[in-house]
Amino acid sequence: MIRNHHFEKVPSRYLFQEIRQKALQFQQKHPEAKLIRLGIGDTTEPIGPYIASQMELAAKNLATREGYFGYGPEQGIPELREAISKTVYNSQVSADDIFVSDGAKCDIGRLQFLFGPDAKIALQDPAYPVYLDSSLIYRGGNITFLPCTPENNFVPDITLAKGCDVLFLCMPNNPTGTVFTRTQLEQIVDYARKHHILIVFDTAYSFYVQGDYPKSIYEIDGAKEVAIEVGSFSKIAGFSGVRLGWTVVPEANRLKSDWMRINGTFFNGASILSQKGGIACLSQEGIKEVQAQVAFYLENTKMLAKAVKEHGFETYGGEHSPYLWARLKGLTSWQTFDMLLEQANIVTTPGSGFGPAGEGFIRISGFATRATVEQAIQNITKIDILTNKR
Ligand code: MLT
């Protein structure tokens, strides 16, 4: 039977399915253990009441003859695209260049069709596993890793991407939490322009960026010619189950009509209810609810950072992102994962799952209830660091 042989190049399970399976096996062996799940970055806080009320209203309208409609515009409801343009991009990106989707992850997968089978791909390493997995499943190889380690402050050496066609960047980075300064981002854009590299800039966590760091690549002059940007409502408004995101393909990089063709062929637009929720998120009332959620998860991450630092972990990130990137020198990622699971009943994500440069690290997610975080902090005190390092 026909099979895409590129599946031999990827692990049989997606990283977070693998973690779920490990946690399940542990739970079966230790039914008494109360597992603390800080592995997958999945939101826990209820959607804000104003945002939810607008989705409820939208559902009610669909039950009326006047309010009902079927397929929406493929590119997304104009009101939502206008709201993204105004609120996220301060009107610096045209609503016409924004394509609403069912989430950043789905768009990253579909983008592979835009680049085609011969594209040479460069990746920030470590990075969100979907960039690597979707590239491998689609074309089997042609990948260059740009290592990001404490030695280079997790900022990739862009010159390693020379000869590549596409560079995936995520800012703030998932998993390391790194943000680029304006100067660093200018250098990256400048290099991409000179060397004809298309940047895919994933901003799923941009609302977590504090202070004056850039929140979009389009804050950099000339970026529209070389960058596509992907955004998401999942981690800012608790929409990981509702499903809503967007991709900006500016007229200036000449890929817009191809992207339009892909969307018209493979996709019928995001759910109307999600889109009405998205409009509510970006309204005056909704944005307050969004900001409150972001602040809540950042506080969780800050509390966790303090606890793991006090227990001997080297810790990065967390300041501009809901993730901590931590290691106990001398242990592999999976050894640290197992130790935290066995001694503290805490599920994390092994850093090696995010790329070769992630080996030795684990990612700790701040997406949890406050009670879970407090329990995690208590359990961390049970870890015997010295024994583990011996
Ligand atoms: C994560 O990094 O935990 C992701 O958001 C989960 C995913 O999208 O698969």
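Keep in mind the model is a prediction, meaning the values are calculated, not measured. Just so you know, ligand 1 is whichever comes first in the structure, and atom 1 is the first atom listed for that ligand.
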Is [X] touching ligand 1 with its side chain, its backbone, both, or neither, if touching means heavy atoms under 4.0 Å apart?
X	answer
Y205	side chain
Q17	neither
L15	neither

Sole candidate of Q75, K256, K224 that passes side-chain hydrogen bond (donor to acceptor under 3.5 Å, both in side chains) when paired with D97: K256
Using a 4.0 Å cut-off to any heavy atom of [X], which atoms of ligand 1 qualify?
X	answer
Y323	1 (C), 2 (O), 3 (O)
K105	9 (O)
R363	1 (C), 2 (O), 3 (O)

Would you please indicate yes or no on a ring centroid separation below 6.0 angstrom for F113 and Y138?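 Distance test on ring centres: under 6.0 Å, yes.
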For the rings on Y128 and F168, is their centre-to-centre separation under 6.0 Å? no
Just need the protein heavy atom nearest to [atom], so name the residue and atom and give the distance.
atom	value
atom 7 (C) of ligand 1	Y128 OH, 3.4 Å
atom 9 (O) of ligand 1	Y14 OH, 2.8 Å
atom 5 (O) of ligand 1	K235 NZ, 2.4 Å

Report yes if some heavy atom in the side chain of W259 is under 4.5 Å from a heavy atom in the side chain of L111; otherwise report no. yes
Has ligand 1 got any nitrogen or oxygen that is less than 3.5 angstrom from a nitrogen or oxygen of G41? yes
Is it true that a side-chain atom of R193 and a backbone atom of E225 form a donor plus acceptor pair closer than 3.5 Å? no
Pairing donors with acceptors under 3.5 angstrom, does anything connect the side chains of E229 and S216? yes
Would you call E186 and R182 a salt bridge, taking side-chain N to carboxylate O under 4.0 Å as the test? no
